[in-house]
Amino acid sequence: MNHPFEILHQIKQCIKLRFPLEGKKLHAHVVKSGFGLHGPLFSNTLLYMYGKCGFLKDALQLFDEMPHRDLASWASIFTSHNHANLPQKTLFLYSAASSKENLQPDDFIYATLFNACAGCNALKVGEQLHAQFIASSFADNDVVKSSLVDFYAKCGLPDRARSVFNSIALKNVVCWTSLIYGYAKAGRKSEALALLRNTPCKNLQTWTALISGLMQGGLCLDSFKIFKELRLEGAYVDEPFILSSLIVGSATLAMLELGKQVHRLVIGFGYESNLYVCNALIDMYAKCSDVSAAEMIFGNMGKRDVVSWTSIIVGMAQHGRALEALSLYETMALAGVKPNGVTFTGIIYACSHAGLVEKGRHLFNSMVVDHGLRPSLQHYTCLVDLYARSGLIEEAKDILDTMPFTPDEAAWASLLSSCCQGGKKEIGVRIADHLLELGPEDTSTCILLSNVYAHATMWEQVSKVRKLMASMERKKKPGYSCVDLGKEIQVFYAGETEHPMRDEIFGLLKELDAEIRKRGYVPDTSLVLHDLQHQEKERQLFWHSERSALAYGLLKSAPGASIRIMKNLRVCGDCHTVFKLISNVVGRELIVRDVNRFHHFKDGECSCQDFW
DNA sequence: ATAGGGTTAG
């Protein structure tokens with residue numbers, strides 16, 4: 001064909017244009033003409049080409065066949081793994097190579113390693129490498145420092161990012177963008193905005209970083225505001241990165257109408273087949289409790305990756321459609337998509353909901369044995385949940401005691417919640433005491449504790465928990481429920497509402513109360529503080545925030561429409577019973593999203609099958 | 001005449 005350097009140039013074009021198939025042809029040509037024998041130059045460029053184009057398999061094959069690997073080969077193979085969203089693999093390969101082959105990182109390798117650490121939140125590893133980097137002869141390299149800024153920003157430590165940033169001699173738009181993202185993600189809006197104002201260089205990516213950072217930092221409304229301002233200024237913001245972030249924001253806020261609006265924007269801009277955008281849409285519709293819309297998006301996708309499958313599986317599982325989640329997992333395997341750690345959290349969670357203990361255990365083992373994935377604390381928590389829900393409390397406790405992690409609050413709470421359901425009072429109290437000693441940080445845990453103690457008639461402990469909770473609520477946010485009517489969203493707090501429609505709400509709740517009592521409802525006041533008068537206990541239950549929200553929803557929505565309520569705490573047992581009965585009385589579907597799952601109340605039943 | 005750093009999904 002042509003001169004060797006002409007071919008090299010063509011390979012570089014393939015990298016730029018992301019033409020892996022053309023690149024592969026050039027690769028074959030290089031092999032035939034024997035250029036590759038002259039050193040790693042061609043191999044490394046080809047390696048990099050495969051990595052950047054997402055052809056990890058080809059990259060690995062080439063890497064394995066290379067007779068002479070230099071530092072650039074290692075840098076390229078690390079980049080390939082980072083690019084394929086396998087940062088742990090990069091760190092694994094590096095640690096193996098550094099011990100077996102005494103691989104000493106150069107500046108290029110340092111940058112890929114920090115990139116990997118950022119990708120999997122490997123703070124400890126990153127810090128060690130940072131120390132090593134400072135002592136190395138590359139310590140002045142601005143690009144590596146830039147990758148460190150990104151690493152600390154992604155790990156939620158913007159101040160550490162800033163101190164590295166300050167040491168950068170020539171600050172370009174890349175390090176500014178990373179730093180702004182870091183502050184936004186940490187929820188430090190004013191600092192992020194101040195930085196943006198002071199940036200000598202900013203581009204659309206900087207704005208994207210700010211918007212997505214704020215979304216991830218939970219400041220979704222601020223983020224939407226900034227997006228609107230940008231559009232008003234006439235900025236060209238119709239790009240999939242920003243759209244994905246807006247979808248994430250709608251999901252976080254669980255605001256279906258907002259999500260639909262963004263979806264329309266996506267269609268208007270012609271990004272409805274973008275993989276990232278679709279994945280975000282699946283998640284958004286599931287989180288906004290419109291699972292059929294999520295299914296529709298998933299069904300229409302031409303190309304699905306592991307995130308698409310995982311999103312729909314998790315969505316199904318959270319909405320109580322465990323068997324469908326499991327069968328989707330089978331289909332995913334048939335489609336040749338490899339599951340990752342998140343996928344397994346989803347399906348083990350599904351098993352735990354359907355009471356499929358054996359299946360869940362099998363999947364957990366399969367994750368380790370067949371897929372070589374290391375279980376995380378979250379996976380063990382799922383396993384604890386799986387056993388505990390099926391009444392195998394001892395087995396669940398065994399896992400907590402023997403797993404290679406210190407159980408956190410969520411892990412204990414999972415076991416505790418099943419003790420309440422299974423009537424295992426003694427062990428429940430023991431766990432509760434332990435949790436109370438640890439000092440729970442979650443209001444939901446407190447409700448659980450208070451329930452356990454109330455069932456065991458340990459009133460002193462109950463009031464201790466209540467006091468703790470009151471102090472937490474003062475510091476944090478109190479319990480509330482929102483009802484989403486599309487055009488408006490109303491928030492209700494516990495206690496008698498001061499809403500302008502108070503009388504109508506009270507009237508309807510009273511009427512419904514009378515109707516369900518006719519059907520055998522007896523308020524379960526065991527969950528309320530003991531030292532109140534009986535009537536006062538019932539009154540407290542009556543004014544739980546989700547009930548006010550429900551009444552308002554019933555009054556204001558179209559007849560027959562589903563009512564969607566979001567609650568920031570767990571639904572109490574009594575409200576759960578009441579919602580089941582009311583779904584029957586009004587003949588509508590009532591959807592409640594509590595702190596971590598969905599309840600679809602319909603025809604007197606709930607999708608969670610009374611396990612939550 | 002090779003290679004590295006910033007923004008998106010679970």
Side-chain angles (χ1 to χ4, degrees), chain A residues 3-9 11-12 15 39-49 51-52 70-80 82 85 105-115 118 138 141-151 153-154 161 168 172-182 184-185 201-213 215-216 239-249 251 271 274-284 286-287 304-315 317-318 339-346:
Chain A
H3 190 270
F5 291 126
E6 173 62 22
I7 296 184
L8 203 58
H9 174 75
I11 300 173
K12 282 193 243 167
I15 298 173
L41 175 61
F42 277 99
S43 311
N44 284 346
T45 313
L46 285 165
L47 202 54
Y48 187 62
M49 184 274 297
K52 276 279 175 188
D70 60 8
L71 291 176
S73 324
W74 283 104
S76 286
I77 205 70
F78 292 158
T79 304
S80 305
N82 289 346
N85 210 353
D106 64 358
D107 41 356
F108 286 84
I109 292 182
Y110 272 121
T112 61
L113 291 177
F114 291 128
N115 186 275
F138 309 102
N141 187 299
D142 281 350
V143 173
V144 181
K145 285 186 197 165
S146 212
S147 71
L148 267 167
V149 172
D150 184 53
F151 159 67
K154 289 220 176 95
I168 294 177
N172 62 12
V173 66
V174 175
C175 58
W176 277 99
T177 301
S178 286
L179 191 62
I180 289 169
Y181 175 76
K185 193 191 146 165
C201 44
K202 62 182 160 218
N203 57 22
L204 186 57
Q205 282 181 72
T206 320
W207 284 105
T208 310
L210 179 70
I211 289 171
S212 74
M215 289 297 183
Q216 283 172 27
E239 60 111 23
F241 280 66
I242 292 188
L243 292 172
S244 302
S245 279
L246 300 178
I247 301 167
V248 173
Y271 284 112
N274 178 290
L275 183 65
Y276 281 83
V277 167
C278 286
N279 288 347
L281 282 170
I282 295 173
D283 181 54
M284 182 276 290
K287 286 211 173 99
R304 307 180 181 107
D305 70 354
V306 60
V307 177
S308 333
W309 286 97
T310 303
S311 303
I312 192 74
I313 287 172
V314 169
Q318 285 190 325
N340 62 20
V342 185
T343 321
F344 279 101
T345 341

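In what follows, chains carry the letters A, B, and so on, assigned in the order in which the sequence lines appear, proteins first and then strands, with residues in each chain numbered from 1. Note that the structure is a prediction, hence the values are computed from the model and not measured.
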For [X] and [N], give me the distance from atom [atom1] to atom [atom2], rounded to whole Å.
X	N	atom1	atom2	value
Met284(A)	dT8(B)	CE	C1'	15 Å
Lys185(A)	dT7(B)	NZ	C1'	13 Å
Glu239(A)	dA9(B)	CD	C1'	14 Å
Ile15(A)	dA3(B)	CD1	C1'	9 Å
Ile168(A)	dG6(B)	CD1	P	12 Å
Ile77(A)	dA3(B)	CD1	P	15 Å
Ile109(A)	dA3(B)	CD1	P	15 Å
Ile313(A)	dA9(B)	CD1	C1'	15 Å

Side chain of [X] (C-beta onward), nearest among [options]:
X	options	value
Ser146(A)	dG6(B), dG5(B), dT7(B)	dG5(B)
Ala72(A)	dA9(B), dT2(B), dG5(B)	dT2(B)
Phe241(A)	dT8(B), dT2(B), dG6(B)	dT8(B)
Asp305(A)	dT2(B), dG5(B), dA9(B)	dA9(B)
Ala111(A)	dT8(B), dG6(B), dG5(B)	dG5(B)
Ala209(A)	dT2(B), dT7(B), dG5(B)	dT7(B)
Thr206(A)	dG6(B), dA9(B), dT2(B)	dG6(B)

Indicate, with a heavy-atom threshold strictly under 4.0 Å, whether [X] touches base, sugar-phosphate, or nothing.
X	value
Asp107(A)	base
Val248(A)	sugar-phosphate
Asn141(A)	base
Lys202(A)	nothing
Gln216(A)	sugar-phosphate

Exercise. Could you say whether the aromatic ring of Tyr276(A) and the base of dA9(B) stack, counting only centre distances under 5.5 Å and plane angles under 30°?
Key: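 So no, this residue does not stack on that base, at least one cut-off failing.
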Exercise. Please report the closest heavy-atom contact between Phe78(A) and Ile109(A), naming both atoms and the distance.
Key: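 Distance-wise, the nearest heavy atoms are CE1-CG2, 3.8 Å.
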Assess, by modelled atom type and distance only, whether the side chains of [X] and [Y] contain a donor and an acceptor separated by less than 3.5 Å.
X	Y	result
Ser308(A)	Asp305(A)	yes
Asn82(A)	Thr79(A)	no
Ser147(A)	Asp150(A)	no

Practice problem: If the plane angle is over 60° it's perpendicular, under 30° parallel, otherwise tilted; pick one for Tyr110(A) and Phe114(A). | Solution: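 Because their plane-to-plane angle is under 30°, the rings of Tyr110(A) and Phe114(A) count as parallel.
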Looking at [N], I'd like to know if its phosphate oxygens (OP1 or OP2) sit under 4.0 Å from a side-chain N or O belonging to [X].
X	N	answer
Tyr181(A)	dT8(B)	yes
Gln205(A)	dT8(B)	no
Ser212(A)	dT8(B)	yes
Lys12(A)	dA3(B)	no
Asn82(A)	dG5(B)	no

Quiz item: Do Gln205(A) and Phe241(A) touch side chain to side chain, with heavy atoms closer than 4.5 Å?
Solution: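 Answer no - side chains too far apart.
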Practice problem: Report yes if some heavy atom in the side chain of Leu246(A) is under 4.5 Å from a heavy atom in the side chain of Met215(A); otherwise report no. | Solution: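 Yes, side chains in contact.
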Quiz prompt | Under-3.5 Å donor-acceptor pair between Asn172(A) side chain and dG5(B) base | solution =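 Between dG5(B) and Asn172(A), which were checked side chain against base, a qualifying N/O pair under 3.5 Å is present.
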Quiz item: Is a donor-acceptor contact shorter than 3.5 angstrom present between the side chain of Thr177(A) and the base of dG6(B)?
Solution: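 Side chain to base: pair found, below 3.5 Å.
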